Amino acid sequence: MSTYYDQVQEAVRAIAATDRPTVGVVLGSGLSAFVEQIDEPRVIPYRDIPNFPVSKVQVEGHKGDLVLGKIGDARIVVMSGRVHYYEGHAMSAVTFPIRMLAGLGIKTLLVTNAAGAVNPDFAPGDFMVINDQLNLVADNPLRGMNEDRFGVRFPDFTEAYSKDARAKLREACESAGATVREGVYAFLPGPCYETPAEVRMLRTLGADAVGMSTVPEVIVARHMGLTVAGLSIITNSAAGISKTTLSHDEVKEVAGRVQKPLRMALARAVQSLAR
Ligand code: HPA
C-alpha cells in the first residue's frame, strides 16, 4: 500500500523538474497575475499531477496550474490556485502541494492570500507582511503518525515566519509602492465570513487579519524546515468594522486592483528570497 510520503514522491517524479526551484510561491484568490511575469514558464495543470488535490472550480477548468520558471536568476515554482479546507478537503489534501514543493527542492516558501482586516488601522489595498499566525481551526495537518522523513514530531514554531524573509518581503512591497503593514494572520475554517462578535474576539486574541487559508500550509512548510514568508492582501475590513456587508465580489475586486504593485513586489521578493 502506498503511503502519503510515497504519493508525494510520485507527484514530484511526475513533474520531473530538470532544474531545482529554490523558491515556491502560492498565489491566493484573485492574486494570480504574477504568473504572467514568469520567464520560460512550464505550465502543468493540477489535474495532470498524480495525487494532487483538485477543487471543483479547477475541474471546471478555471484555474489550478503549477508553473515552473524563472524571475531573473531565481528558479521558482508557483501554485496558481489552491484548495481550501472549507471545500471539505482533509488537511492532508490541503497541504499535499506544499509537501510536493519541498520535494521539488524549494528552500523558501512565499504564501499569499486575500484577507479581511481585523486591525482597524488597516485599509483595503494594504499589504500585510505576516509576522505570526493563529490556528483557530481545531485540526492540524501534523495530527496522526509523524512521518520522520518530513520532519520531527514536535516542531518549534517560535519563528514560523522568518525574520529575515519578512524584512526582504517588506522591502519588496515598499519598493512596489504598496502601503505595507505587519501583523498576525488568523485562520478560520469559513466559508461564511465572520460575525462582528467573532471579529471582536479575533482582535482580543491578537489578530490583525483573518482568512481561510495559509496556516495549514505554513505548518507543514515549517515541519519540513522551509523558510517561510507570508503576505496578506487586505481586501476588506472584517465584518462589523466598516458599515458595509461583505461579498466575495468585493474581495475579488480589491484583489484585482492591486495586481500591478503585487506582481512587482512578488518579482522582487522571490529574487531576494532566492539569495
Ligand atoms: N474574512 C475571512 N476571509 C477573508 C476575508 C474576511 O473578511 N476577506 C478575504 N478573505
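Numbering of ligands and ligand atoms starts at 1, following listing order. As the structure is a prediction and not an experimental result, all values here were calculated from the model.
Of the protein's non-hydrogen atoms, the one nearest atom 10 (N) of ligand 1 is Ala114 O, 3.3 Å. Nearest protein heavy-atom neighbour of atom 7 (O) of ligand 1: Asn236 ND2, 2.9 Å. The shortest contact between atom 5 (C) of ligand 1 and any protein heavy atom is with Gly116 N, 3.4 Å.
Applying the side-chain contact (heavy atoms from CB on, under 4.5 Å) test to Val184 and every residue at least two apart in sequence or in another chain returns Asn131, Asp132, Leu134, Asp208.
By the 3.5 Å distance cut-off applied to N or O atoms, Glu194 is counted among the residues near ligand 1.
A donor-acceptor pair under 3.5 Å is absent between the side-chain atoms of Thr22 and the main chain of Ile106, judged by distance alone. Judged purely by atom type and a 3.5 angstrom limit, Tyr4 uses its side chain to pair as donor or acceptor with the backbone of Ser92. Between the side chain of Asn51 and the backbone N or O of Gln7, at least one donor-acceptor pair lies under 3.5 Å.
Tested against Leu231 for a side chain to side chain contact (heavy atoms under 4.5 Å, CB included), the candidates Val180, Leu169, Val25, Ile130 yield a single pass: Leu169.
Near Gly211, with a cut-off below 4.0 Å to any heavy atom, the atoms of ligand 1 are 2 (C), 3 (N). For ligand 1, the atoms lying closer than 4.0 Å to a non-hydrogen atom of Met212 are 2 (C), 3 (N). Counting the atoms of ligand 1 from 1 in the order shown, those under 4.0 Å from a heavy atom of Leu246 are 7 (O). Close approach of ligand 1 to Thr235 (heavy-atom distance below 4.0 Å) involves ligand atoms 8 (N), 9 (C).
At a 4.0 Å heavy-atom cut-off, ligand 1 touches Ala115 through the backbone alone.
Counting all heavy atoms, side chain and backbone alike, Ala267 lies closest to Phe34 at N-CE1, 3.5 Å. Between Leu188 and Val137, the closest heavy-atom pair is C-CG2, 3.8 Å.
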